[in-house]
Peer 1: 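Take this structure first; my questions come after.
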Amino acid sequence: MYRILLAVALLSLVGSFASAQIAVPDALKNRPPVAAPTSAIDVTPIEVVRSMSETINDFGGGLIQGLLVGRGLRNAALVAAQDNRIIATREFGCCVSFNEVLYSDFLAPLAVLQLAERQRFKLADNISDVVAGYGAAGVKVGDVLTAPNDPAILRRIVEASSGQDFRSYVSQNILAPLTPVGGGQTASLSEIMGRLLVALLNDGAFDGGQLLAPETIALMRQTQVSIHPALPGWTYGFAEMKRNGWRALQRDGAWIVAPAVEARMVVVPDAHLAYFIIVEGHPGASFWRTLDDALFDRLLPPGTAPAVETPSTPAPDASQASALSGSYEASDEPLSAAASLKSAAERLVVRAAEDGSLHLSGGENAVLHPQPGGYWAAEGGNLNAVANDGRLVLSSGIYRPLRLWKRPALYAILTLGFAFGTAGAFVGERRGRAPTKSPGNLVIALAGAAAAFLFATLFVWHLTPVL
């Protein structure tokens, strides 16, 4: 009986739900069905705008991390500034202090400019007048700021004109003003470099101080040496760089030997952007080139580049291109000192085409086409080249012909020559009137020389990078 009553109750409940669902207002009855849309509906996508700080932290940080892992390196740091503020500080790895780089030659040009600003000397003064008995006649202080022929010369100028050792001067006159806590105590590298980048972007001023006068910063940014209008030049303490239509100032190098530390600083005045990257170890030229190109392409896309005023000379012809064919290596001349990491130890093979273009492989991989004004240029304008005093000068660095003793072909030819000499001497001994059972001294000497040059051939070939 209980089961029957329960079944009746459930049936009544279901019926009530069914009647509730079936109940439709009269106004909605007998209406035509609504068809689904058959045409596309325009929906404006919502653009996600990321700040420069977010971009450089996420993209730049991820890029550096990936490049470090690919080269088995761990420790690095990234600092960036925009306008008058620090927008990024990232550290990779642990337990490494990079502060010692602040006392290297990295900051030496700023110390020299600061002392010139304080009227200790003039940039037009002879080196021998500032550092007693040092330097060739006619070499000016400004000359060694752009092309130091001695890595230690800037230190010697600072010490001679200030009366302090270089470390003390930098600590008291550059680092102490940039130290947030004051009192002359050195803060972290990221804090100091962040404030330095802000100062370089803002006419020498930063939060709470003035490192250099606006006139000194303007002088520092001016081009002092130029090989060709189509190429970046050199300023006081910096090399110019041009990419995507932007002009930047760059300074880099291997500033500490043990442990090895390389650092690179880039300032883009027109974009009010600057960044600094430091790495423990020797990551190689491809690391710095990839990092720089990727950061520029992401942060500073191509803009409207100012027109280049080139000479009225015609475009290079096929014979001029053919004269440049051959193997080259990165030059270590004084002009390369300000920014050498992107081409250090790199080699370049140049092949000329019938239309006068240059085909590059190795340190750079590009096709450069002849341009009116006597230079070659790749599409996009990021890589130009000129021939100058037997060198091939690219936008990315200076290359000179590969020295003879670095060419495996030289040792191979010598090996072959001594091998033929050995064979000839051996045949001569066999044809002699009194042949001996063992080779003579001449055969042994020639064979030894052939073996030595064969070893040299293999050794130099092994050291030669794949192009």
Side-chain angles (χ1 to χ4, degrees), residues 77-81 86 89 97-118 120-121 123 130-131 141-142 144-148 150-180 184-206 209-213 216-217 219-221 234-239 248-257 260-267 274-279 337-341:
L78 163 68
V79 184
I86 302 171
T89 55
S97 174
F98 291 116
N99 281 24
E100 195 61 29
V101 77
L102 298 173
Y103 301 100
S104 70
D105 293 331
F106 178 64
L107 298 180
L110 299 182
V112 173
L113 289 171
Q114 189 181 66
L115 286 165
E117 178 185 297
R118 295 174 178 178
R120 299 296 181 89
F121 53 80
L123 297 180
V130 180
V131 183
V141 174
V144 296
L145 269 174
T146 54
D150 178 359
I153 183 57
L154 299 182
R155 287 171 164 263
R156 300 189 66 171
I157 293 173
V158 171
E159 293 175 346
S161 58
S162 68
Q164 296 178 277
D165 64 89
F166 181 79
R167 188 181 185 95
S168 297
Y169 181 87
V170 169
S171 178
Q172 295 173 19
N173 296 273
I174 295 181
L175 302 186
L178 293 172
T179 301
Q185 297 179 356
T186 303
S188 70
L189 176 81
S190 296
E191 292 176 305
I192 293 176
M193 285 306 305
R195 291 159 77 88
L196 174 60
L197 296 178
V198 169
L200 295 178
L201 290 172
N202 290 274
D203 294 330
F206 59 94
Q210 185 85 27
L211 184 65
L212 295 169
T216 303
I217 293 293
L219 182 64
M220 183 195 74
R221 293 177 179 177
W234 288 263
T235 72
Y236 286 141
F238 291 83
L249 306 181
Q250 55 179 341
R251 179 167 178 79
D252 63 35
W255 303 110
I256 300 177
V257 178
V261 172
E262 295 183 356
R264 176 170 171 79
M265 176 169 61
V266 176
V267 180
Y275 58 85
F276 169 81
I277 300 168
I278 188 168
V279 178
S340 61
L341 291 183

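Here the structure is a predicted model, which is why all the values come from computation and not from measurement.
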Peer 1: Give a yes or no on whether the backbone of G237 and the side-chain of R251 come within a donor-acceptor separation of less than 3.5 Å.
Peer 2: yes
Peer 1: Per the salt bridge (charged side-chain N to carboxylate O under 4.0 Å, His left out) rule, what does the pair list look like for residues 158-172, sequence neighbours excluded?
Peer 2: E100-R167
Peer 1: Mind running ring pair (Phe, Tyr, Trp, His ring centres under 6.0 Å) on F276 and F98 for me, showing each step along the way?
Peer 2: CA-CA 12 Å; F276 169 81; F98 291 116; 8.7 Å; no
Peer 1: Less than 4.5 Å apart, side chain to side chain, heavy atoms only: is that true for L102 and I174?
Peer 2: no
Peer 1: A side-chain contact here means heavy atoms from C-beta on lying under 4.5 Å apart; do V79 and Y275 qualify?
Peer 2: no
Peer 1: Could you report the tightest heavy-atom contact between D203 and Q210, atom names first, then the distance?
Peer 2: O-NE2, 2.8 Å
Peer 1: Indicate the atoms forming the closest heavy-atom contact of D252 with L341, along with that distance.
Peer 2: OD1-N, 3.2 Å
Peer 1: Nearest heavy-atom pair of L123 and Y236: which atoms, and what distance?
Peer 2: CD1-CE1, 3.5 Å
Peer 1: Kindly state each residue pair satisfying side chain to side chain donor-acceptor pair (under 3.5 Å) with at least one member in residues 106-117, sequence neighbours excluded.
Peer 2: Q114-Y169, E117-T216
Peer 1: Nearest 0.5 Å, please: how far is CG in L154 from CG in L145?
Peer 2: 5.5 Å
Peer 1: Can you check whether R120 reaches V130 side chain to side chain, under 4.5 Å on heavy atoms?
Peer 2: no
Peer 1: Would you call L249 and L200 a side-chain contact if the rule is heavy atoms closer than 4.5 Å?
Peer 2: no
Peer 1: Given side chains that start at C-beta, do those of L107 and L196 come closer than 4.5 Å, heavy atoms only?
Peer 2: yes
Peer 1: What are the two closest heavy atoms between F121 and V112, and how far apart are they?
Peer 2: CZ-O, 3.5 Å
Peer 1: Give a yes or no answer on whether the side chain of Q164 reaches the backbone of V170 with a donor-acceptor pair at less than 3.5 Å.
Peer 2: no
Peer 1: Side-chain contact, heavy-atom cut-off 4.5 Å: N173 with R118?
Peer 2: yes
Peer 1: Nearest 0.5 Å, what's the CH2-CD1 distance between W255 and I278?
Peer 2: 10.5 Å
Peer 1: Search all heavy atoms of A199 against all heavy atoms of L211 and return the closest pair with its distance.
Peer 2: CB-CB, 4.4 Å
Peer 1: Quick one: list whatever passes side-chain hydrogen bond (donor to acceptor under 3.5 Å, both in side chains) with E191, sequence neighbours left out.
Peer 2: S188
Peer 1: Has T235 got a side-chain atom pairing as donor or acceptor with R221's backbone, closer than 3.5 angstrom?
Peer 2: no
Peer 1: Can you check whether S168's main-chain N or O pairs, donor with acceptor, with S171's side chain at less than 3.5 Å?
Peer 2: no
Peer 1: In the structure I gave you, are the side-chain heavy atoms of L212 and L110 within less than 4.5 Å of one another anywhere?
Peer 2: yes
Peer 1: Taking the side chain as every heavy atom from C-beta outward, state whether S97 and L189 have any pair of such atoms under 4.5 Å apart.
Peer 2: no
Peer 1: How close do A81 and L197 get, counting heavy atoms only, and between which atoms?
Peer 2: CB-CB, 3.8 Å
Peer 1: Between atom CD of E262 and atom CZ of F106, what is the distance when rounded to the nearest 0.5 Å?
Peer 2: 12.5 Å
